[in-house]
Number of protein chains: 2
Amino acid sequence: MAVTIYDVARHAGVSPRTVSNVVNDYPFVAAETRRRVRDSIDSLGYRPNLVARNLRRGRTGMIALAVPELAVPYFSELSGAIMDEVAPRSYTVIIEQTDGDPARERALLEDRDRSHVFDGLIFSPLGLGASELGAIPGATPVVLLGERVNEGPFDHVSIDNVAAARSAVEHLASLGCRRIAAIGDQPYETGETAQVRTQGYHEALEAAGLSPDPALVVPTSNFHRSAGAEAMERLLELAEPPDAVFCYNDLLAAGAIRVLLDRGRRVPEDVAVVGFDDAEEGRYSTPTLSTVAPDKHVIAAMAVAQLFRRLDGDIGDPVDLRAPFALEIRESTIGRLQAIAALDGKAGAGRKGRRV
Amino acid sequence: MAVTIYDVARHAGVSPRTVSNVVNDYPFVAAETRRRVRDSIDSLGYRPNLVARNLRRGRTGMIALAVPELAVPYFSELSGAIMDEVAPRSYTVIIEQTDGDPARERALLEDRDRSHVFDGLIFSPLGLGASELGAIPGATPVVLLGERVNEGPFDHVSIDNVAAARSAVEHLASLGCRRIAAIGDQPYETGETAQVRTQGYHEALEAAGLSPDPALVVPTSNFHRSAGAEAMERLLELAEPPDAVFCYNDLLAAGAIRVLLDRGRRVPEDVAVVGFDDAEEGRYSTPTLSTVAPDKHVIAAMAVAQLFRRLDGDIGDPVDLRAPFALEIRESTIGRLQAIAALDGKAGAGRKGRRV
DNA sequence: ATCGATCTCTGCACCGATGCAAACTAGCCG
DNA sequence: CGGCTAGTTTGCATCGGTGCAGAGATCGAT
């Protein structure tokens, strides 16, 4: 059996309550007593039973992080960043994979108060739409990641997706591209993040004096590489195929580039490509991938800080936090030689991106 | 306050104990009573407090998964597979990132019995060597992933890394490559996995009648893309640079390929490259990446099954389980045209890989 | 009618910690 | 020296379930 607070108390010749006081750094413990208890703790190898502590305290010391899929680089990189933020606060992270399944997402939100497994939730919804999310109240704090869910009861962290998409498409237009396609729209209720990117895309087209062509906006059912490949195949079948593609994440872009190269198109000379998320793989791919880079560390820090603010009792109105992003310009839009020049020169355009 | 078993008992007009019996499907409960309790549970929205249950039962219903880094595709893909295996057993997974830090790895193992946060641990060690691991006993079951730690007290799941490495290098030799390099050796105590791959590499060289050249074996301090790039730079500076490279994971390969293409070498015509892990990104990269594909789903299933066997009380000797792997042959070794031919033809070599 | 077996339900203690408030000591002031 | 404050330690109840064992009820067999 494990060592309990009673074993330590007996060993140190004090009451269990005093051991608890020492463990919790209660100030009014005589130095000598504290020392004796500490010695006993060390020699017996006592560690508090967190389950018991949590039962009594009503907190579990764990926060849940729910993401659609860990195998998507954006989410694994973000998860790592969130865990790094949480660790110093001596909380533990439980990661749940929802696969974007609305039932699992709803279950997570509905059970969060009642099963007492975690104190707070950082949630990147995929299958649940704004109206459904808004209808699930509860006492356990939730911070949503991703595009804003209007009027919801939850705190919320995101980047300005409209501006981010716009900056990507403006960049393509500035290179002289005239037929700029978009891959990854999700024109149904839960595709909010995709839809605002489409909005930014349209705004940038308009600003550049380009007329939108509905055939150039290809929806996808998910954000995987295979979907990007399929969408690109479709675009290449058009009578007037695009000379640039804005993909709503880097995996779609990887799939699209693969198809382009397979079909003998050069990237970026024939078709320029921009992705979204700044997955590490895009820094080493051939060509390297120009991409919109949400600042994942800031997103993680904001989400965690806000969640802990709630855990500490803040009951203000839901807040809406915006993290910065940058446009990382690499070979898939400006070509290898210019990319090298941009890296060598101190010009901020390439390596450091444009802070927004 | 949350709904407790007492609230349900009062509402249904039975004792708390009976509610517990209903919740736990104790067979000797009258159908009528059961119905009434169920109704009360539903109408009050009762969910058992898992913290309290776990305190009493002495189990937490959680297993921990400790990996070096989630951002490495192999680990995020494996984590996803493990979570999928665990979910149907109504356990929850806590993921810990160790960053390969020996102190954190040791803390995890040493605290596993005492803090009572998880019932079992699936652990992919990186910073701890065989001797250190072997010296940490404890009651909480542990399943190790990765190369075998000799004589340790823990169960263990891996693929046959020697054979896997050998198959990769044999493949390169069969293509006519004569100077085959290896990137990713870790010639110090905790680099066991890397070392057995080096062993397989040497065995394959010998079998092919090639004499080993120490300069062709480049150690790296980690398995990231940047390390692969640096190692490749080093190899290209040799008087006789390699005509093939076996990389110990796909990230190293991605970095190596990037450098090769940057330096004007063609892959595979000038230098053929094989990776390890079968990360999804290698199926879409340019060129697509030939790689050793450990069967992650089998690894996950074996590890989880073995862990639950221990949780169910099995106290037999530590077991050593071997999962299958396959060699996936793609463009980075046989070129695009042949890869297409292999995919089109029913020949198993390309698409399906070679089961071992 | 008696007995044992089976079914159904319940009370009590307990898992291991902490909140609360009381008890006790010592020191200090007037 | 009484009274008060500050410091130190402690007992008791409690968080919300479940293990254990026993009390009743029911029923068929003898």
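Remember, predicted model here, so these are calculated numbers, not experimental data. Numbers restart at 1 for each chain; the letters A, B, ... are given by sequence-line order, proteins then strands.
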Problem set entry | Qualifying residues under side-chain hydrogen bond (donor to acceptor under 3.5 Å, both in side chains), relative to A:Asp155, sequence neighbours excluded |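 Residues passing side-chain hydrogen bond (donor to acceptor under 3.5 Å, both in side chains) with A:Asp155: A:Gln306, A:Arg310.
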Exercise. B:Thr33: what forms a side-chain hydrogen bond (donor to acceptor under 3.5 Å, both in side chains) with it, not counting sequence neighbours?
Worked result: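 side-chain hydrogen bond (donor to acceptor under 3.5 Å, both in side chains) list for B:Thr33, sorted by chain: empty.
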Problem set entry | Atom pair NZ/CG of B:Lys296 and B:Leu78 - distance to nearest 0.5 Å |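 Between B:Lys296 NZ and B:Leu78 CG, I get 8.0 Å after rounding to 0.5 Å.
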Exercise. Quick one: which of D:dG16, C:dA17, D:dT8 gets closest to the side chain of B:Ala52?
Worked result: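 In terms of side-chain proximity for B:Ala52, the closest of D:dG16, C:dA17, D:dT8 is D:dG16.
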Exercise. Of all the nucleotides listed (D:dG7, C:dC15, C:dA17), which has the minimum atom distance to the side chain of B:Leu55?
Worked result: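 Among D:dG7, C:dC15, C:dA17, the one nearest the side chain of B:Leu55 is C:dC15.
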Exercise. At what angle, to 10 degrees, do the two end axes of the helix from C:dA1-D:dT30 to C:dG30-D:dC1 meet, given five pairs define each axis?
Worked result: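 Inter-axis angle at the ends, rounded: 60°.
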Problem set entry | Proximity to DNA chain D (any heavy atom under 4.0 Å), residues of residues 20-27 of chain B only |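 B:Ser20, B:Asn24 - these, ordered by number, are the residues of the stretch whose heavy atoms sit under 4.0 Å from the strand.
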How many Å lie between [atom1] on [X] and [atom2] on [N], as a whole number?
| X | N | atom1 | atom2 | value |
| --- | --- | --- | --- | --- |
| B:Phe28 | C:dT6 | CZ | P | 9 Å |
| A:Ile5 | C:dG19 | CD1 | C1' | 13 Å |
| A:Leu50 | C:dC15 | CG | C1' | 14 Å |
| A:Asp7 | C:dA17 | CG | C1' | 13 Å |
| A:Arg10 | D:dT10 | CZ | C1' | 17 Å |
| B:Asn54 | D:dC15 | CG | P | 18 Å |
| A:Glu32 | D:dT9 | CD | C1' | 14 Å |
| B:Arg47 | D:dG17 | CZ | P | 11 Å |

Set of salt bridge (Lys or Arg N to Asp or Glu O under 4.0 Å) partners for [X], sequence neighbours left out:
| X | answer |
| --- | --- |
| B:Asp25 | B:Arg38 |
| A:Asp39 | A:Arg35 |
| A:Arg59 | none |
| A:Asp101 | none |

Could you give the side-chain donor-acceptor pairs of residues 66-76 of chain A under 3.5 Å, partners two or more places apart or in another chain?
| residue | atom | partner | partner atom | Å |
| --- | --- | --- | --- | --- |
| A:Glu69 | OE1 | A:His224 | NE2 | 2.8 |
| A:Ser76 | OG | A:Pro73 | O | 3.2 |

Return no unless some side-chain N or O of [X] is found under 4.0 Å from OP1 or OP2 of [N].
| X | N | answer |
| --- | --- | --- |
| B:Thr18 | C:dT10 | yes |
| B:Thr33 | C:dC9 | yes |
| A:Arg57 | C:dT18 | yes |

What protein N or O atoms touch nucleotides 11-14 of chain D N or O atoms at under 3.5 angstrom, if any, and at what distances?
| residue | atom | partner | partner atom | Å |
| --- | --- | --- | --- | --- |
| D:dT14 | O2 | A:Arg56 | NH1 | 2.7 |

For this session: Not counting sequence neighbours, which residues clear side chain to side chain contact (heavy atoms under 4.5 Å, CB included) with B:Asn24? List them please.
Result: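 Side chain to side chain contact (heavy atoms under 4.5 Å, CB included) check on B:Asn24 returns B:Ser20, B:Arg53, B:Arg57.
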Exercise. Got more than 12 heavy atoms from elsewhere within 6.0 Å of CG, B:Asp312?
Worked result: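 Yes, because the 6.0 Å sphere around CG of B:Asp312 holds more than 12 heavy atoms from other groups.
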Exercise. Taking the six-membered ring where the residue is Trp, are the ring centres of A:Phe154 and A:Phe123 under 6.0 Å apart?
Worked result: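 No: the rings miss the under 6.0 Å criterion.
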For this session: Report which part of the nucleic acid B:Val51 touches: base, sugar-phosphate, or nothing (heavy-atom distance under 4.0 Å, all strands).
Result: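 Touches nothing.
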For this session: Can you run down the side-chain hydrogen bond (donor to acceptor under 3.5 Å, both in side chains) pairs that involve residues 41-50 of chain B, sequence neighbours left out, and say none if there aren't any?
Result: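 Counting only pairs at least two positions apart or across chains, the side-chain hydrogen bond (donor to acceptor under 3.5 Å, both in side chains) contacts touching residues 41-50 of chain B are A:Asp111-B:Arg47.
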